[in-house]
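The structure displayed is predicted, hence computed values, not measured ones. Every heavy atom of this structure was used, including side-chain atoms; hydrogens, water molecules and symmetry mates were not. Residue numbers count from 1 along this sequence.
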Amino acid sequence: MAIVPQESITQFQVLMDELEESLRRTFQNMHQGHPHETLTRFLKAREGIVERAHKMLVDCLNWRVENDIDNMLTKPIVPVELYRAIRDSQLIGLSGYSFEGLPVFAIGAGLSTFDQASVHYYVQSHIQINEYRDRVILPEATKKYGKHVSKCIKILDMTGLRLSALNHIKLLTIISSIDDLNYPEKTKTYYIVNAPYVFSACWKVVKPLLQERTRSKIDVLSGCGEDDLLKVMEYSSLPHFCRKRSSGDENCFSLDHHFHQQHYNYMKDQSSIRRSIEPLKQGSVHVTLPEDADEEDIAKALESELEKFKDLERCSESVTDLKISDEKR
């Protein structure tokens, strides 16, 4: 569906105005200041039918609340040795940007082994990269290119692909379902490069697992795809596996690549911020007041405590959730 009528977006917005508070909060984290763009994505994912798009989005918001997705970027996978093993076996990285300003994600589909950690960690890592893309990478691209950037490009490298890759079909199905149901219409085009002869056999198995709207965005390129990809991005944005002449260029899959370093450090910083302001286990913030405190003193004390939370940017905790205990000593 190419164009969504404004009337459909308006009807969708009316339904969204009836959300309960917890779903409203996660929707705000999700749309990053562009609610209509998010509504449009879900409408496109459900053929423009408002009722179906609304159900899809509400299901997505419930999934986010139930799985604490808003705080996913405050939970770095530790120790770092485990995270490095995941990066070495779940190959993905940011290689650059297209001429349109779209982030270019490189994926080593053929050489990803998914054998260094449990399914849980690979799914967690995938969601964290999705969230980092939506909350950090895309907003930065929007600022850099002076226009709203809400999608990305993905280049899938099939080098090393074997029929044994089908052993990972369960994990790949989980990841595909997460993207289809909770991050629809975030990828403009999927380019497939370096496809070996076994690709056709694997594609017959994987293709039925994908939504039609996803299949329509897949473009299989000849060889490493360099000539075709240079029509949509600079040479410097090409992943290393898309370059005809290898010159020891940095591997964007590696944890040592600046993208992964920035991503991991961001999560560690967010984790530290969250721990520093996390309320007591009971969910209460205790404010000690003098015995003779009057109403004005109490109001100032409470205001001071709340300001500590308001001043911490990017913190997902909301002051509306705090329970303030008025304990006089």
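At a threshold of 4.5 Å between non-hydrogen side-chain atoms, the residues L57 and F12 count as touching. In this structure, M30 and T38 have side chains that are in contact, with non-hydrogen atoms separated by less than 4.5 Å. At a threshold of 4.5 Å between non-hydrogen side-chain atoms, the residues H36 and H31 do not count as touching. Counting only heavy atoms from C-beta outward, the side chains of L61 and M16 approach each other to under 4.5 Å. Looking at heavy atoms from C-beta onward, M233 lies out of side-chain contact with Y97 at the 4.5 angstrom threshold. Residues I69 and W63 are in side-chain contact: their nearest non-hydrogen atoms beyond the backbone lie under 4.5 Å apart. When side chains are defined from C-beta on, I155 counts as touching L229, because their heavy atoms get closer than 4.5 Å. D68 has its side chain within reach of K75: a pair of non-hydrogen atoms, C-beta onward, lies under 4.5 Å apart.
A cation-pi arrangement is not found for R25 relative to F27, the charged atom failing to lie both closer than 6.0 Å to the ring centre and inside a 45° cone about the ring normal. Annotation: cation-pi pair R87/F253 absent, no NZ/CZ under 6.0 Å from the ring centroid and within 45° of its normal.
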Inset, instruction - Decide side chain to side chain contact (heavy atoms under 4.5 Å, CB included) for Y190 and F105; before the verdict, give the C-alpha distance in whole Å, the side-chain angles of both, and the deciding distance to 0.1 Å. - result: CA-CA 10 Å; Y190 298 85; F105 282 91; over 6 Å; no
Legend entry - Chi angles and distances behind the side chain to side chain donor-acceptor pair (under 3.5 Å) call for Y183, E131: CA-CA 10 Å; Y183 303 93; E131 290 294 308; 2.6 Å; yes
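Atom CG in N251 sits 8.5 Å away from atom NE2 in H260 (nearest 0.5 Å). For the atom pair SG (C60) and NZ (K55), the distance works out to 12.0 Å, reported to the nearest 0.5 Å. Interatomic distance, OG of S98 versus NZ of K188, reported as 7.0 Å (0.5 Å rounding). If you take NE2 on H258 and NE2 on H263, they are separated by 14.5 Å, rounding to the nearest 0.5 Å.
For Q6, the CD atom is densely surrounded, since the number of other residues' heavy atoms within 6.0 Å is greater than 12. With a 6.0 Å radius and a threshold of 12 heavy atoms from other residues, nucleotides or ligands, R162 has its CZ atom at or below the threshold.
Remark: K151 does not engage E100 in a salt bridge, criterion side-chain N to carboxylate O under 4.0 Å. With respect to the salt-bridge test (charged N to carboxylate O, under 4.0 angstrom), the residues K186 and D134 qualify. Ion pairing between a basic and an acidic side chain is recognised when a charged N comes within 4.0 Å of a carboxylate O; R84 and D88 show no such pairing. Ion pairing of R41 with E37 is present here, as a side-chain N (NZ or NE/NH1/NH2) and a carboxylate O approach within less than 4.0 Å. Using a cutoff of 4.0 Å between basic side-chain nitrogens and carboxylate oxygens, E226 and R243 are not scored as salt-bridged. Residues R135 and E140 are not paired through a salt bridge, judged by the lack of any N-O separation under 4.0 Å between the basic side chain and the carboxylate.
No single ILVMFWY cluster, assembled from side-chain heavy atoms under 4.5 Å apart, contains both F99 and I137. V14 and I49 fall into different hydrophobic clusters, where Ile, Leu, Val, Met, Phe, Trp and Tyr side chains are chained together by heavy-atom contacts under 4.5 Å. In terms of hydrophobic clustering, with Ile, Leu, Val, Met, Phe, Trp and Tyr side chains grouped at heavy-atom distances under 4.5 Å, L181 and I127 are assigned to different clusters.
In terms of modelled atom types and a separation under 3.5 Å, the side chain of S112 and the main chain of L91 share a donor-acceptor contact. Checking side-chain atoms of Q32 against main-chain N and O of N29 turns up a donor-acceptor pair under 3.5 Å. Using modelled atom types, no side-chain atom of S125 and backbone atom of Y121 make a donor-acceptor pair closer than 3.5 Å. Side chain of S271 to backbone of M267: no donor-acceptor contact under 3.5 angstrom is found. Side-chain atoms of D179 never come within 3.5 Å of backbone atoms of S176 as a donor-acceptor pair (strictly under, hydrogens ignored). The backbone N or O of K268 lies less than 3.5 Å from a partner atom in the side chain of S272, making a donor-acceptor pair. Distance alone, capped at 3.5 Å, is enough to place a donor-acceptor pair between the S89 side chain and the A85 backbone. A donor-acceptor contact shorter than 3.5 Å links the side chain of S276 to the backbone of I273. Counting only distance, with no hydrogens or angles, the side chain of T187 and the backbone of T189 share no donor-acceptor pair below 3.5 Å. At distances below 3.5 Å, not a single donor-acceptor pair connects side-chain atoms of Q116 with backbone N or O atoms of L82.
Only one option out of I169, N167, I175, T173 pairs with L171 in a side-chain contact (heavy atoms from CB on, under 4.5 Å); it is I175. Considering L39, V4, L15 as possible partners of V50, the one that fulfils the side-chain contact (heavy atoms from CB on, under 4.5 Å) test is L15.
Side-chain N/O atoms of S22 and E20 include a donor and acceptor closer than 3.5 Å. Between the side chains of T26 and D70, a donor-acceptor pair is found at a separation under 3.5 Å.
The two residues C242 and V193 come nearest to each other via the heavy atoms SG-CG2, 4.1 Å.
Ring planes of F114 and H168: perpendicular class, angle over 60° (limits at 30 and 60°).
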